[in-house]
Every structure is written in C-alpha cells, then in structure tokens.
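Remember, it's 1-based here, ligands and their atoms both numbered in the order they're listed. If you're wondering where the values come from, they're calculated on a predicted model, not measured in any experiment.
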Amino acid sequence: MPVILIGFMGTGKSTVGRLLAESMNQSFCDLDELIEKEAGMTIPTYFDTYGEQVFRQLEQDLLKKAIDEYDILSTGGGTPTISANQKVIQAAMGRTIKLDAPIDEIRARIGDDMNRPIFKKLSQQAFNELKEKRDAIYNKFCDVIIDTSQKNPREIVAEIKALIYSNTDELNYASL
Ligand code: S3P
C-alpha cells in the first residue's frame with residue numbers, strides 16, 4: 001500500500017518523502033526526479049523545450065510506473081490536478097497525504113528557486129490563486145492534511161508515521 005505525498009510546490013514533499021522512506025526502510029521515488037532521469041534534462045529545460053503539455057504527458061506515464069514500483073512517492077505540485085492522475089492515485093488504494101503550508105511560508109521556502117517553471121512565470125497574485133485552486137483539488141481526494149508550517153522535516157515524518165501506525169479513524173483507509 002503506497003504512501004503518496006501530494007501538495008503545492010514548496011510544502012516539502014521531496015524532503016519529507018525521502019526521510020520517511022529512510023526511516024521506514026522502504027523504497028522511495030520522487031516523481032520530478034524520475035521525470036528528469038527519463039527526459040535526460042532538468043524540468044525547467046524540459047518545460048522550455050517541449051512545453052507544459054508534453055511535460056504533463058510524461059508525468060502521467062511515469063506516475064503509474066512509480067506507484068507500481070515504489071512504497072513511498074512524492075508527486076509534483078501539479079500531478080494530482082490532472083484527472084487521469086487522480087484516477088491512478090485513487091486506484092493505488094494507498095495513503096494519500098497532503099502536505100500544506102501557508103502561502104507566505106511557501107514563498108519564503110521557494111525563495112528565488114528558478115527550478116520551478118510554474119512559479120517563475122506567475123505573478124504573486126496568480127501564484128496565490130493557483131494555490132487556492134489546487135488546494136481545493138488536493139483536499140477533495142487526500143486522506144489527511146498535514147500542516148508543515150514551523151515544523152522541521154523530522155517532526156513531519158514523525159507525525160505521518162504516527163498517523164500510519166495509529167490505526168485510528170484519522171485516516172480514511174478501509175484497509176488500515
Ligand atoms: C509543478 C511542480 C514541480 C514540478 C513542475 C510542475 C507544478 O514540483 O513537478 O515544475 O505544476 O506545481 P514541486 O511541487 O516538487 O515543486
């Protein structure tokens with residue numbers, strides 16, 4: 001049963017996913033990294049060369065493979081906004097965990113990281129609006145939301161593990 005981390009860019013999906021996998025001794029895949037490996041170039045270069053639509057197709061193709069092959073998966077911020085991807089994530093019957101943070105904290109974390117083509121091209125207002133729009137989508141189909149603000153990655157990992165092992169109703173999983 002995979003653990004799938006979703007959420008807006010800058011919420012710590014990659015760092016937390018990697019640490020969670022390490023601490024649970026499970027296999028880990030960062031979808032963005034898999035895409036870069038498969039494409040043989042960085043995501044910004046891929047966006048510049050082929051455009052977002054082609055990127056989304058590659059992302060979709062690799063999502064299924066990653067879910068089938070790995071225990072813990074960190075997705076890209078846009079991955080769960082595509083309906084085909086939502087179906088693949090839901091069909092995995094895993095634990096879908098949304099990481100969240102306030103927009104100002106996200107902005108501070110991302111800083112001037114130009115590795116994020118979506119962030120690079122949007123005005124401040126458009127970026128805020130995108131988060132709101134995407135949050136509504138993430139919220140609809142995640143099992144649990146973890147607020148990462150003012151927490152370090154280890155604390156977040158501890159929180160996720162507590163949820164996974166608690167066997168309570170906090171997570172919506174039929175099979176937990
Ligand atoms: C994207 C987020 C990125 C990456 C790509 C597109 C998005 O991942 O997949 O740049 O649409 O929000 P992170 O969420 O890890 O930044």
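D61 and Q57 are linked by a side-chain donor-acceptor pair at a separation below 3.5 angstrom, with hydrogens and angles left out of the test. A side-chain donor from one of D71 and S27 sits under 3.5 Å from a side-chain acceptor of the other.
Environment of CG in D68: crowded, with over 12 heavy atoms of neighbouring residues, nucleotides or ligands closer than 6.0 Å.
Protein heavy atom nearest atom 16 (O) of ligand 1, with residue, atom name and distance: R116 NE, 2.7 Å. Looking only at protein heavy atoms, the nearest one to atom 10 (O) of ligand 1 is P117 CD, 3.5 Å. Protein heavy atom in closest approach to atom 9 (O) of ligand 1: D32 OD1, 2.7 Å. Atom 2 (C) of ligand 1 has G77 N, 3.5 Å as its closest protein atom, hydrogens excluded (heavy atom only).
The G76 neighbourhood of ligand 1 comprises atoms 8 (O), 9 (O), 14 (O), with distances under 4.0 Å to a heavy atom of that residue. Atoms of ligand 1 found under 4.0 Å from any heavy atom of F55, numbered from 1 in the order shown, are 5 (C), 9 (O).
To the nearest 0.5 Å, atom CD of residue E105 and atom CG of residue D147 are 8.0 Å apart.
Nearest-heavy-atom check against atom 6 (C) of ligand 1 across R56, E33, K120, R134 picks out R56.
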Worksheet item: Does the side chain to side chain contact (heavy atoms under 4.5 Å, CB included) test come out yes or no for L163 and I146, once each step is laid out?
Response: CA-CA 10 Å; L163 278 171; I146 301 216; 3.8 Å; yes
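Between F127 and F119, the two ring planes are perpendicular [angle over 60°; tilted spans 30° to 60°].
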